[in-house]
**Q** 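Dumping the structure here so I can ask a few things about it.
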2 protein chains.
Amino acid sequence: MRTWGPVGQAVALLLGPYAEVVLHDPDADRILAIWNPMGSRGPGDPSLLGELDALDPSARDVFGPYEKLLADGRRLSSVSAVLRDPDGKATAVLCVNLDRTPLEQAAAVLSAFGAPTTPRPEPLFEQDWNERVQHIVGAYVRECGRPVERLTRADRLAVLARLDEARVFAVRRAAPAVAGALRISRSTLYGLLAELRAPSAKDHTA
Amino acid sequence: MRTWGPVGQAVALLLGPYAEVVLHDPDADRILAIWNPMGSRGPGDPSLLGELDALDPSARDVFGPYEKLLADGRRLSSVSAVLRDPDGKATAVLCVNLDRTPLEQAAAVLSAFGAPTTPRPEPLFEQDWNERVQHIVGAYVRECGRPVERLTRADRLAVLARLDEARVFAVRRAAPAVAGALRISRSTLYGLLAELRAPSAKDHTA
DNA sequence: TCCAGAATGGACATATAGTCCACGGCGTGG
DNA sequence: CCACGCCGTGGACTATATGTCCATTCTGGA
């Protein structure tokens, strides 16, 4: 905290009011300090970092930028860095979360100028929805720091929720591809999906 | 030309170098005047307006904004207006084409700031691909100024080409929906599609 | 009026989407 | 150590969607 605190503060000041900077304690899995908090998190709260491989000196030390979603729909660009003392021991994890909403609003203003009634008829669907699946899965894997093979049942459920929300399964041949990416069988896929959609009757307006 | 010319010039001056303003003669189907031309068109060249219903006093007089694509890939926002004399006779058609490229570049700069490695994991696919189909069809209809029912075979072929290029048919249930939007039967749809993909072996990397 | 090309509905064949179930691994607690 | 429950798996099976084909009807032009 004494060594890394100024770093966090400096980044927070530089990036202005739209960047949240968090210093985590990887051992206690708690928040050490936080600047410009976006939620209600404060020092001492659990980090929810997952494992992040922070303890493995051979692992990568910088993650992202990847994307996070806040409950209110704001999109964040996030980067994380593992901070080590001279011995190589991870003493802290620094996370910077930049709220992209204002930037996107500005971009939208520009795009809307003289815009056709609907913005982009051309690039249309993700041509490469397969890679998109890989990306969603990959993002989750990075978030919890475990390779695909070691994902828990709950993890896979969460990934499937994202994919389903993204209407990935409205694309032909998506189910087998997703099952492959998730290293589970097609049966299991459908099982998890059913479990996911069972409790609350989903809007199936695909 | 004498009455409407100043209007065109004024609009051209207001919108700066990125807006092309064209005055058409709907009877001769020729260009009367053009400011800030984007292509090599000049006065006297054919208008290529299609019918545009300019001669029908009961039809709408303002079209767009809709989207046009230039050969070099630039995207334009276009509006058209039928200009009439006091008797209601259409004496001219005014078209304004705004090059959206610079605006979009600026928007891209903003969006790229702090962007995740891949830009938009969230909104993902067009949730409402059905409306998207309607839009592509609608855009084409506006372009040639004929309602869906009066499209020629070639027109439908062209629309299908756009839809196919946009990988619309990689979405489940798309074929019946498109057939409906185009007011043709599913059989005809597949017939036209086959005709479309037959000559050149398409890249089927969906 | 007749003809050619095109559209149509429906029969059909195939592929894909989902469901279901019996089996086998695996950790847990008795 | 074994029995039990949980979960993943493959495979059979059904339902639905996709794509093909054809006889018929429609339409515009000679």
Side-chain angles (χ1 to χ4, degrees), chain A residues 125 129-130 132-133 137 140-141 144 146-161 163-206, chain B residues 51 125 127 129-130 132-133 137 140-141 144 146-161 163-206:
Chain A
F125 297 92
W129 60 270
N130 203 20
R132 185 65 67 100
V133 169
V137 175
Y140 190 95
V141 164
C144 70
R146 276 187 295 276
V148 190
E149 291 85 351
R150 308 237 188 305
L151 288 183
T152 74
R153 175 185 179 78
D155 285 333
R156 287 194 247 264
L157 228 17
V159 177
L160 279 185
L163 292 167
D164 190 30
E165 207 167 347
R167 299 297 189 276
V168 165
F169 298 104
V171 174
R172 305 193 60 207
R173 258 159 271 188
V178 169
L182 236 37
R183 313 296 166 89
I184 59 180
S185 75
R186 215 171 51 95
S187 314
T188 309
L189 206 228
Y190 283 117
L192 295 176
L193 262 187
E195 185 171 334
L196 199 61
R197 314 204 243 220
S200 64
K202 285 291 196 181
D203 60 313
H204 211 323
T205 3
Chain B
E51 307 181 356
F125 297 91
Q127 309 222 351
W129 61 270
N130 202 21
R132 186 63 69 98
V133 169
V137 175
Y140 190 94
V141 164
C144 70
R146 274 186 296 275
V148 189
E149 291 85 351
R150 309 235 187 304
L151 289 182
T152 74
R153 177 185 177 77
D155 285 332
R156 288 194 244 265
L157 228 18
V159 177
L160 280 186
L163 291 167
D164 190 30
E165 206 167 346
R167 299 298 188 276
V168 165
F169 298 104
V171 175
R172 306 192 59 206
R173 258 157 272 190
V178 168
L182 236 39
R183 313 297 166 87
I184 59 180
S185 74
R186 216 170 53 95
S187 313
T188 309
L189 204 236
Y190 283 118
L192 294 175
L193 262 187
E195 185 171 333
L196 198 63
R197 315 204 240 219
S200 65
K202 285 291 195 181
D203 58 314
H204 211 325
T205 3

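Naming: A, B, ... by sequence-line order, numbering from 1 per chain.
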**Q** How many whole angstroms separate atom CG of A/Leu151 from atom P of D/dG8?
**A** 12 Å
**Q** Counting only N and O atoms by type, is there a donor-acceptor contact under 3.5 Å from the side chain of B/Arg156 to the main-chain atoms of B/Leu151?
**A** yes
**Q** Nearest 0.5 Å, what's the OG1-CG distance between B/Thr188 and B/Leu193?
**A** 11.0 Å
**Q** So, taking the atom named CG in A/Leu192 and the one named CG in A/Leu160, what distance separates them when rounded to the nearest 0.5 Å?
**A** 5.5 Å
**Q** Quick one, give me the B/S/- string for nucleotides 12-23 of chain D, reading 5' to 3', where B means a protein heavy atom under 4.0 Å from the base and S means that only happens at the primed atoms, P, OP1 or OP2.
**A** -----SSBBB--
**Q** Nearest whole Å is fine: how far is D/dT9 P from A/Leu189 CG?
**A** 10 Å
**Q** If you compare all heavy atoms of B/Val171 against all heavy atoms of A/Ala170, which two are closest, and at what distance to 0.1 Å?
**A** CG1-O, 3.4 Å
**Q** Scan nucleotides 24-30 of chain D nucleotide by nucleotide, 5' to 3', and note B when protein non-hydrogen atoms come under 4.0 Å of the base, S if they reach only the sugar-phosphate, - if neither.
**A** -------
**Q** To the nearest angstrom, how far is B/Asp155 atom CG from C/dA7 atom P?
**A** 12 Å
**Q** Using the side-chain heavy atoms of A/Thr188, tell me which of these nucleotides is nearest: C/dA7, C/dG9, D/dG8.
**A** D/dG8
**Q** Rounded to whole Å, how long is the line connecting atom CG of A/Leu192 with atom P of C/dG18?
**A** 15 Å
**Q** Can you measure B/Glu195 atom CD to C/dA6 atom P for me and round it to whole angstrom units?
**A** 7 Å
**Q** Would you mind reading off the distance between B/Glu149 atom CD and C/dT8 atom P, rounded to a whole angstrom?
**A** 12 Å
**Q** Whole angstrom is fine here: how far is it from CZ in B/Arg183 over to C1' in C/dT8?
**A** 16 Å
**Q** Side chains of A/Phe169 and A/Leu189, heavy atoms from C-beta outward: is any pair under 4.5 Å?
**A** yes
**Q** Quick one: side-chain hydrogen bond (donor to acceptor under 3.5 Å, both in side chains) partners of B/Arg153, sequence neighbours excluded?
**A** B/Glu195
**Q** Between C1' on C/dA4 and CZ on B/Arg153, what's the gap in Å once rounded to a whole number?
**A** 13 Å
**Q** The criterion is side-chain hydrogen bond (donor to acceptor under 3.5 Å, both in side chains); which residues satisfy it with A/Arg173, sequence neighbours excluded?
**A** none
**Q** Can you name the side chain to side chain contact (heavy atoms under 4.5 Å, CB included) partners of B/Ala161, sequence neighbours left out?
**A** B/Leu196
**Q** Please enumerate all residues that pass side chain to side chain contact (heavy atoms under 4.5 Å, CB included) together with A/Ser187, with sequence neighbours excluded.
**A** A/Ser185
